[in-house]
Amino acid sequence: MNEMSVFEHSEFDGHEHVAFYQDKKSGLKAIIAVHNSNLGNALGGCRMWPYASDEEALRDVLRLSKGMTYKAAMAGLKQGGGKAVIIGNPRTEKTPEKMFAMGKFIDSLSGIYISAEDSGLTVDDLKLMGRQTAHVAGIHAKYHINSEPADGNPAPSTAYGVYVGLKTTVEHAMNSELKGVKVAIQGLGHVGIRLAKHLYKQGAKLYVSDIHPENIEKAVSEFSATAVSPEDIYDLDVDVFAPCAMGAILDAKNIAKLKVKVIAGAANNQLAKEEFGQLLADKGILYAPDYVLNAGGIIDIYHQSISSSDKGLRDHIEKISNTLLEIYHRAQSQGVATNIIANQIAEERFG
Ligand code: NAD
């Protein structure tokens, strides 16, 4: 049997609160971690995943909750960072009873952790949790971005934030507007396809890849995009690479292939290692730190929980541009990679 230490865990970063929960009746096993609440109660998604071990679940919740502290601080939210994980396969092991039990677990923390949706869970699952606790966010969406239906899915806000941030990054790196700029988008899911639409409207030339042909076909027919195979997306002679599929794609091998001037996309944890940020800077590539650029979703969830407006939500998302410019100016003056500067600014804000 593995001995599992929390305080000595390699991902432990002075987390304020780590709670383990088991509900024998429903079979729920879950962990909630609050990393830092200096700026406010901790907001973060609840993920359900078939973790191979408790240790793997602990590692994930420690790492992800820390990431949320940085993301919330950079998004200008009065919230701290937290995360919850449910151990189990969301396709085969999810039951309403487990969701009710998870709601009770969240409620037992009296609001220091506020749950949103993450991989493996839907807005309906959150609604079941919401029968046991008031501390769930994003289930009563009131405000819209670009007149998309407010159904609790934050992807329209995430895509809008990525679009405004990408535009700012192109202006900064290339002194150019988006018209005629060549952008390669990896992944045309909820966020990628909406990003493609924004960019197309501004006259950008799109190159797209996905593993599902129907997503490609939509972008080709509606946004005059050029289809590219998933393997070829890194080799293109284009200006911008927008990763909108999975994390850790910026590894040494792929970075060596890239010919772009800008990397700006929605995917979480794009850098396979933090030090690869410097590798990108050395190649003259301006990297928009992922958690700053893709914060539109968490900004959306936050606004749904306060008294706001469509305009209030939109204005807040557009502030992503100011934050990126602050990062780029500091990175330039200090000769330090943008991902490192983003972390420094976040630490100044929540520390
Ligand atoms: P999604 O699952 O809807 O879309 C991902 C797309 O990538 C799918 O169409 C999938 O087929 C495609 N894909 C998978 N592997 C690929 C490959 N090797 N090459 C090309 N395409 C591939 O997810 P999403 O909601 O659009 O989110 C995209 C990324 O942005 C994820 O990394 C997610 O964590 C991150 N993100 C999303 C949000 C949000 O609001 N949805 C917020 C913050 C961050």
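Below, each value reflects all heavy atoms present in this structure, side chains not excepted, and no hydrogens, waters or symmetry copies. Small disclaimer: the values here were computed from a predicted structure and weren't measured. Read the numbers this way: they start at 1 and go in the same order the structure lists the ligands and their atoms. Positions are given from 1 along the sequence.
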*For ligand 1, note which part of T158 has a heavy atom under 4.0 Å away: side chain, backbone, both or neither.*
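Within the 4.0 Å criterion, T158 contacts ligand 1 through side-chain atoms alone.
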*So which bit of A267 gets within less than 4.0 Å of ligand 1, heavy atoms only: side chain, backbone, both or neither?*
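It is both backbone and side chain that touch ligand 1.
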*atom 34 (O) of ligand 1: protein heavy atom closer than 4.0 Å?*
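Under 4.0 Å from atom 34 (O) of ligand 1, at least one protein heavy atom found.
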*Should Q186 be counted as touching ligand 1, given the test is an N or O pair under 3.5 Å?*
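Among all N and O atoms of Q186, none is under 3.5 Å from an N or O of ligand 1.
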Considering only protein heavy atoms, which is closest to [atom], and at what distance to one decimal place?
atom	answer
atom 14 (C) of ligand 1	I211 CD1, 3.6 Å
atom 30 (O) of ligand 1	A266 O, 3.3 Å
atom 4 (O) of ligand 1	G189 CA, 3.2 Å
atom 18 (N) of ligand 1	M246 CE, 3.3 Å
atom 9 (O) of ligand 1	D210 OD2, 2.7 Å
atom 5 (C) of ligand 1	C244 O, 3.8 Å
atom 19 (N) of ligand 1	P230 CB, 3.9 Å
atom 2 (O) of ligand 1	H190 ND1, 4.9 Å

Give a yes or no on whether the backbone of [Y] and the side-chain of [X] come within a donor-acceptor separation of less than 3.5 Å.
X	Y	answer
Y51	G88	no
E16	S37	yes
Q304	Y143	yes

*Please list all pairs passing the side-chain hydrogen bond (donor to acceptor under 3.5 Å, both in side chains) test where one or both residues lie in residues 189-199, with sequence neighbours left out.*
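Non-adjacent pairs meeting side-chain hydrogen bond (donor to acceptor under 3.5 Å, both in side chains): E148-R194.
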_Shortest heavy-atom approach to atom 27 (O) of ligand 1 - which of V191, N269, I193, V162_ = V191
*asked:* Tell me whether A245 reaches ligand 1 (any heavy atom closer than 4.0 angstrom to a ligand atom).
replied: yes
Between [Y] and [X], do the side chains contain a donor N or O and an acceptor N or O under 3.5 Å apart?
X	Y	value
K66	N36	no
E347	N343	no
Y21	S108	no

*Enclosure of K94 NZ (heavy-atom neighbours >12, cutoff 6.0 Å)*: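 Above 12, so yes.
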_Around atom CD of E348, are there more than 12 heavy atoms from other residues, nucleotides or ligands closer than 6.0 Å?_
yes
*Looking at N215, which atoms of ligand 1 are within less than 4.0 Å of one of its heavy atoms?*
9 (O)
_ligand 1 atoms in contact with A155 (distance to a heavy atom under 4.0 Å)_ = 40 (O)
_Face-on cation placement of K104 at F100 ring, 6.0 Å and 45° thresholds_ = no
